[in-house]
Chemist: 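Please read through the structure below; I'll follow up with questions.
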Number of protein chains: 2
Amino acid sequence: MTENSPALQIALAYHEAWTNKDLERAMSYIAEDVVCDAPAGRIEGAEAYRAFMAPFVQILRGATMIAAFGDDETALVMYDTATVPVPSAPAAEYVTAKDGKITYSRFLFDRAPFQAARQ
Amino acid sequence: MTENSPALQIALAYHEAWTNKDLERAMSYIAEDVVCDAPAGRIEGAEAYRAFMAPFVQILRGATMIAAFGDDETALVMYDTATVPVPSAPAAEYVTAKDGKITYSRFLFDRAPFQAARQ
């Protein structure tokens with residue numbers, strides 16, 4: 001299903017935008033009532049989601065896609081990021097998309113090296 | 001590709017085995033020269049991989065698949081686990097499979113709640 005996955009197309013367009021530090025364009029793929037289950041807990045609504053992503057985009061140095069799959073309504077991606085405090089910070093996202101926007105995201109990364117860098 | 005993905009079949013058989021605490025059967029899907037990039041670093045070889053998985057299988061209470069995709073040679077899965085120290089510990093695995101065995105795994109989970117539980 002991946003070749004013609006509408007959800008993956010949205011997930012990749014979103015990914016391409018924020019990894020190029022274009023948070024405005026990235027947010028154009030996020031539904032107003034988005035729900036995101038992240039390591040620190042649930043984030044509800046586009047405004048809270050933007051506040052969650054903005055600091056990460058600021059410390060981002062680069063990103064490399066590891067794998068990307070999708071079907072009609074869902075997509076699953078894994079990528080590595082290089083950030084200012086953590087040289088390799090991989091993440092995975094499982095998203096549900098509808099009408100061109102991400103409505104749900106399960107977001108996974110290892111908080112441990114970021115916590116260690118803060119200390 | 002997911003419906004007929006040989007790599008996903010192996011990834012799911014492996015997943016089914018270890019989430020049922022059958023580490024012996026799980027290891028039958030792991031190549032002798034497996035390489036696994038995990039949050040704490042690279043694990044090389046089946047023996048080291050078994051030593052990495054054994055403690056986790058012991059604290060496992062249950063697992064729920066969130067998403068699973070694959071193509072000929074690779075698969076990407078995300079799942080949630082319930083463990084003794086951490087009630088919800090989601091993880092993602094990107095694997096390469098060959099001749100019925102996993103030869104490479106990129107393994108991702110949040111170490112922070114496990115570190116917090118140890119303190």
Side-chain angles (χ1 to χ4, degrees), chain A residues 1-9 11-12 15 35-42 56 63-81 85-97 102 104-119, chain B residues 1-9 11-12 15 35-42 56 63-81 85-97 102 104-119:
Chain A
M1 298 289 284
T2 293
E3 286 76 12
N4 298 303
S5 162
L8 181 57
Q9 285 177 18
L12 292 179
H15 180 86
V35 172
C36 174
D37 286 320
R42 177 162 282 196
F56 188 70
T64 312
M65 189 61 77
I66 296 171
F69 290 96
D71 56 21
D72 280 354
E73 295 185 349
T74 72
L76 180 59
V77 299
M78 182 185 281
Y79 50 86
D80 199 7
T81 66
V86 181
S88 171
E93 285 174 50
Y94 165 70
V95 302
T96 304
I102 292 168
Y104 175 79
S105 167
R106 181 97 189 213
F107 185 62
L108 180 55
F109 70 100
D110 181 17
R111 286 178 293 174
F114 291 95
Q115 292 178 349
R118 270 198 295 272
Q119 280 166 3
Chain B
M1 298 287 284
T2 292
E3 286 76 12
N4 298 303
S5 162
L8 182 57
Q9 285 177 18
L12 293 179
H15 181 86
V35 172
C36 173
D37 285 321
R42 178 161 282 195
F56 188 70
T64 311
M65 188 61 77
I66 295 170
F69 291 95
D71 56 21
D72 280 354
E73 294 185 349
T74 71
L76 180 59
V77 299
M78 181 185 281
Y79 50 86
D80 199 7
T81 66
V86 181
S88 171
E93 285 174 51
Y94 165 70
V95 301
T96 304
I102 292 169
Y104 176 79
S105 168
R106 181 97 189 213
F107 185 63
L108 180 56
F109 70 101
D110 181 17
R111 287 178 292 174
F114 291 95
Q115 292 177 349
R118 271 198 295 273
Q119 280 166 4

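We name chains A, B, ... by the order of the sequence lines, and we start the count at 1 in each one. What you see is a predicted model, and the numbers here were worked out from it, not measured in a lab.
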Chemist: How about CD on B:E73, more than 12 heavy atoms from neighbouring residues, nucleotides or ligands closer than 6.0 Å, or not?
Modeler: no
Chemist: Rounded to the nearest 0.5 Å, what separation is found between the CG atom of A:D110 and the CZ atom of B:F107?
Modeler: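 Interatomic distance, A:D110 CG to B:F107 CZ, rounded to 0.5 Å: 11.0 Å.
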Chemist: Counting heavy-atom pairs closer than 4.5 Å to chain B, which one of A:A112, A:P113, A:A89 comes out on top?
Modeler: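 Result: the option with the highest number of such pairs is A:A112.
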Chemist: Please look at A:F109 and chain B and tell me whether the side chain, the backbone, both or neither of the residue comes under 4.5 angstrom of a heavy atom of that chain.
Modeler: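 For A:F109, the contact with chain B is made by the backbone alone.
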Chemist: Heavy atoms only: give me the nearest A:Q115-B:Q115 pair and the separation to one decimal.
Modeler: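 In this case the closest contact between A:Q115 and B:Q115 is OE1-OE1, 4.5 Å.
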Chemist: At a heavy-atom distance under 4.5 Å, which candidate from A:P90, A:P39, A:A67 has the highest pair count against chain B?
Modeler: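 Top count of heavy-atom pairs under 4.5 Å with chain B: A:P90.
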Chemist: Nearest 0.5 Å, what's the CD1-OH distance between B:I66 and A:Y94?
Modeler: 8.5 Å
Chemist: For A:D37, is it the side chain, the backbone, both or neither that has a heavy atom under 4.5 Å from a heavy atom of chain B?
Modeler: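 Nothing of A:D37, per the 4.5 Å heavy-atom cut-off to chain B.
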